[in-house]
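We're numbering straight along the sequence, starting at 1. Note: hydrogens, waters and symmetry copies are ignored here, and every other heavy atom, side chains too, is used.
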Amino acid sequence: MLTFPHKSIFGIILVCFIFMLLPTNVQKFFYLNIESFKQGEYWRFLSAHLIHYSWMHCISNVAGLVLLITIFKNSKLYIYWFLASVVIAIAVSSGLIIFSNRLMWYVGFSGVLTGLYAYASIKTYSENIKLSMVVLITLSIYVTIQILQGELISSILIPDLKASSYAHAYGLCAGTLFGIFDNFITNHKVKVSTDR
C-alpha cells in the first residue's frame, strides 16, 4: 500500500503527463521565461517544473521519480515529498532567475528531482548511511561534471533534453539544506517532547 508521500509523487507524475497533453503553444505559457516572470507572470515560477520539452524529457524525469520512491520506499521516516518538491522548485527557480541572466527559458523536473534525491538521502541518513552516501556522492559528481562540461552527459543520453546544469546544482543544494533543516526541526521536536 502506498503511503501519502508516495501518492504525492504519483500526483506530480499525473500532472506532468497532463501538461504534456496540452498544445505546444499553450505549454509555452508555463515555461520559466525570465522576462515574462518579471512582467508579473508568477505562475511560471512553479509551473515550469511540471512541463517538459518533449515526451522523452518527461518520461526520463518520471522514471527518476519512480526510481526515487523505489530506492527510499522502506524508509521508516515520514518524508514530506510534496512539501520538499515545492521548496526545491522555489529554490531552483530563484537560482535561475537571480544567477542565470542568459537563460531565456527553463522547463523540466530534473532540478527538483536532483533535490529530492538529496533530501531523501539526508532524511534517511541514520537508517542507511551507505545508501545515503552513495546517492549524495553520485549526485555531487554528476552535477560537478555537468557544470564543468555543460550538458555533455545529458546530450549524449537524451539529445533533446534542455535541462540546465545549474538547475541541478540549485536542486542539489536546496534538497540538502532542506533535509538538514527538516532533520533539525524533527530532532528538536523529539527533544522537546522527551524533556517534558
Might you point out which heavy atoms bring G115 and I88 nearest each other, and give the distance in Å? C-CD1, 3.4 Å
Taking the side chain as C-beta and beyond, is there a heavy-atom pair between S165 and V143 under 4.5 Å? no
Would a hydrophobic clustering, with Ile, Leu, Val, Met, Phe, Trp and Tyr connected at side-chain separations under 4.5 Å, put W105 with I98? yes
Distance, nearest 0.5 Å, that separates OG1 of T144 from CG of L172: 8.0 Å
Taken to the nearest 0.5 Å, the spacing of S132 OG from I122 CD1 works out to 7.0 Å
CG on L65 to OH on Y117, rounded to 0.5 Å: 7.5 Å
Between L96 and Y170, does a side-chain contact (heavy atoms from CB on, under 4.5 Å) hold up when you go through it step by step? CA-CA 8 Å; L96 290 172; Y170 301 144; 3.9 Å; yes
If you round to the nearest 0.5 Å, how far is OG1 of T176 from CG of L139? 8.0 Å
Quick check: closest heavy atoms across H168 and S110, and the distance to 0.1 Å? NE2-OG, 2.8 Å
Is there a path from L177 to L83 through hydrophobic residues (I, L, V, M, F, W, Y) whose side chains come within less than 4.5 Å of each other? no
Walk me through it: do Y125 and N183 pass the test side-chain contact (heavy atoms from CB on, under 4.5 Å)? CA-CA 10 Å; Y125 186 80; N183 278 346; 5.6 Å; no
Run L32 and V107 through side-chain contact (heavy atoms from CB on, under 4.5 Å) and show every step you take. CA-CA 6 Å; L32 180 61; V107 295; over 6 Å; no
Would L131 end up clustered with L68 when hydrophobic side chains under 4.5 Å apart are linked, directly or stepwise? yes
Decide side-chain contact (heavy atoms from CB on, under 4.5 Å) for Y106 and I34; before the verdict, give the C-alpha distance in whole Å, the side-chain angles of both, and the deciding distance to 0.1 Å. CA-CA 9 Å; Y106 173 81; I34 294 174; over 6 Å; no
Restricting to non-hydrogen atoms, name the atom on M20 and the atom on S54 that form the minimum distance, rounded to 0.1 Å. CE-C, 3.5 Å
Has W55 got a side-chain atom pairing as donor or acceptor with F17's backbone, closer than 3.5 angstrom? no
With sequence neighbours left out, which residue pairs that include part of residues 9-35 fulfil the side-chain hydrogen bond (donor to acceptor under 3.5 Å, both in side chains) condition? N33-S36
Please give me the minimum heavy-atom distance between I147 and A169, naming the atom from each residue. CD1-CB, 3.7 Å
The side chain to side chain donor-acceptor pair (under 3.5 Å) partners of S93 (sequence neighbours excluded) come to H49
Holding to ring-ring contact (aromatic ring centres under 6.0 Å, His included), I want the full list of residues that pass it with F45, two or more places apart in sequence or in another chain. F37
Taking the side chain as C-beta and beyond, is there a heavy-atom pair between V92 and Y166 under 4.5 Å? no
Is there side-chain contact between Y119 and F181, with at least one heavy-atom pair below 4.5 Å? no
Mind checking the CD1-OG spacing from I129 to S121? Nearest 0.5 Å is all I need. 12.5 Å
Check whether any side-chain heavy atom of I145 sits under 4.5 Å from a side-chain heavy atom of Y142, and report yes or no. no
T124 side chain vs E127 backbone, donor-acceptor pair below 3.5 Å: no
Do the side chains of L46 and L14 join up, straight or via other hydrophobic residues, at under 4.5 Å, putting them in one cluster? no
What's the shortest heavy-atom distance between A84 and L116, and which atoms? CB-CD2, 3.8 Å
L113 reachable from I71 in the ILVMFWY side-chain graph, under 4.5 Å edges: yes
Spatial distance of atom CZ (F109) from atom CD1 (I13) [nearest 0.5 Å]: 9.0 Å
